[in-house]
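Let me begin by presenting the structure, written as structure tokens, before commenting on it.
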Amino acid sequence: MSMQKRTYDSPLGPLLLAADELGLAGVWFEGQKHLGEFGSTRRRLGEDGGGDPAASREACRALDGAYFWLDRYFAKEVPDEVPRLHLMGSDFQLRVWGLLAEIPYGQTTTYGQLAQELERRFGMRTSARAVGGAVGRNPVSIIVPCHRVVGADGSITGYAGGLDRKRALLELEGVHATP
């Protein structure tokens with residue numbers, strides 16, 4: 001699989017986007033923690049020579065969809081259609097990221113509430129800390145809204161892209177979380 005990349009100039013700093021023929025695989029702020037296998041070497045992300053032209057077109061479509069979504073989001077519009085995603089992680093991470101994708105625009109939840117929902121839906125007993133580990137490794141930040149997860153007391157905690165960006169994303173959505 002060939003990975004395509006682009007940079008998106010967001011109001012909060014450059015975002016690195018990565019996609020393959022299956023969909024959008026990554027959206028990271030420049031310098032963000034947990035860039036995953038794609039961020040460990042930017043050179044690998046840039047490999048787009050050769051390979052299947054149809055796969056390259058599909059990756060470009062996924063990146064175009066991400067650009068459109070991000071443009072709407074940063075214009076304070078509620079994007080209605082998420083670009084096709086290709087999330088890669090453990091079964092646990094994929095379940096957590098699936099729950100993140102369900103958090104409505106302008107609303108928040110807590111790590112503990114996500115842990116309770118995992119138990120309710122999948123019979124998985126887990127801690128808020130374990131959920132936090134999976135949330136922090138979300139490879140498609142903003143689009144899969146890990147910034148909408150706050151501490152049990154409503155405080156802004158943990159964000160691989162930085163707490164200032166998390167606060168700014170929540171404020172953009174009209175959420176005023178506790179500092």
Side-chain angles (χ1 to χ4, degrees), residues 1 3 12 15-29 31-40 44-45 58-59 62 65-66 69-70 73 78-179:
M1 256 184 259
M3 195 64 63
L12 303 176
L15 288 165
L16 179 63
L17 281 61
D20 60 22
E21 65 267 21
L22 298 177
L24 186 66
V27 176
W28 304 277
F29 282 105
Q32 176 174 324
K33 294 180 194 173
H34 310 300
L35 283 173
E37 67 180 80
F38 306 114
S40 62
R44 280 177 51 199
L45 271 175
E58 289 304 312
W69 193 98
L70 290 165
Y73 179 82
V78 181
D80 52 357
E81 191 172 323
V82 172
R84 193 179 61 212
L85 301 177
H86 182 201
L87 299 176
M88 294 174 271
S90 69
D91 288 341
F92 177 73
Q93 288 172 326
L94 292 171
R95 286 180 175 165
V96 171
W97 300 338
L99 293 178
L100 294 177
E102 296 175 13
I103 305 168
Y105 181 97
Q107 295 182 30
T108 61
T109 191
T110 68
Y111 299 97
Q113 288 169 324
L114 289 172
Q116 290 171 354
E117 188 61 17
L118 281 171
E119 183 174 4
R120 187 185 73 74
R121 285 195 198 179
F122 306 108
M124 299 176 73
R125 293 203 63 171
T126 190
S127 68
R129 181 175 292 228
V131 167
V135 170
R137 284 173 174 69
N138 168 24
V140 185
S141 56
I142 305 175
I143 294 174
V144 174
C146 51
H147 62 278
R148 295 180 188 150
V149 184
V150 297
D153 62 356
S155 62
I156 295 181
T157 61
Y159 188 64
L163 294 181
D164 288 342
R165 286 185 177 131
K166 182 172 185 169
R167 188 173 292 106
L169 291 168
L170 290 172
E171 287 175 5
L172 181 121
E173 295 182 22
V175 175
H176 301 288
T178 328

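Computed over heavy atoms, backbone and side chain alike; hydrogens, waters and symmetry mates excluded.
Counting all heavy atoms, side chain and backbone alike, Phe92 lies closest to Ala130 at CE2-O, 3.5 Å.
With sequence neighbours left out, Thr109 forms a side chain to side chain donor-acceptor pair (under 3.5 Å) with Gln113. Taking the side chain to side chain donor-acceptor pair (under 3.5 Å) definition, one finds that Asp91 meets it with nothing, sequence neighbours left out. Partners of Arg84 under the side chain to side chain donor-acceptor pair (under 3.5 Å) rule, at least two apart in sequence or in another chain, are Glu58.
Side-chain contact check for Leu172 versus Tyr105: some heavy-atom pair is nearer than 4.5 Å. Side-chain contact between Leu24 and Trp69 is absent, with no heavy-atom pair separated by less than 4.5 Å. Leu114 is listed as a side-chain neighbour of Leu100, based on a closest heavy-atom distance under 4.5 Å. Within the 4.5 Å cutoff, no side-chain heavy atoms of Trp97 are placed close to those of Val140.
None of Leu85, Leu15, Val144 except one satisfies the side chain to side chain contact (heavy atoms under 4.5 Å, CB included) rule with Val27; the exception is Leu15. Screening Ile103, Thr108, Thr110 for a side chain to side chain contact (heavy atoms under 4.5 Å, CB included) involving Val149 leaves a single residue, Ile103. Across Arg121, Arg148, Arg95, a single residue satisfies salt bridge (charged side-chain N to carboxylate O under 4.0 Å, His left out) together with Glu102, and that is Arg121.
Remark: the Glu173 side chain and the Tyr73 side chain contain an N/O donor-acceptor pair separated by less than 3.5 Å.
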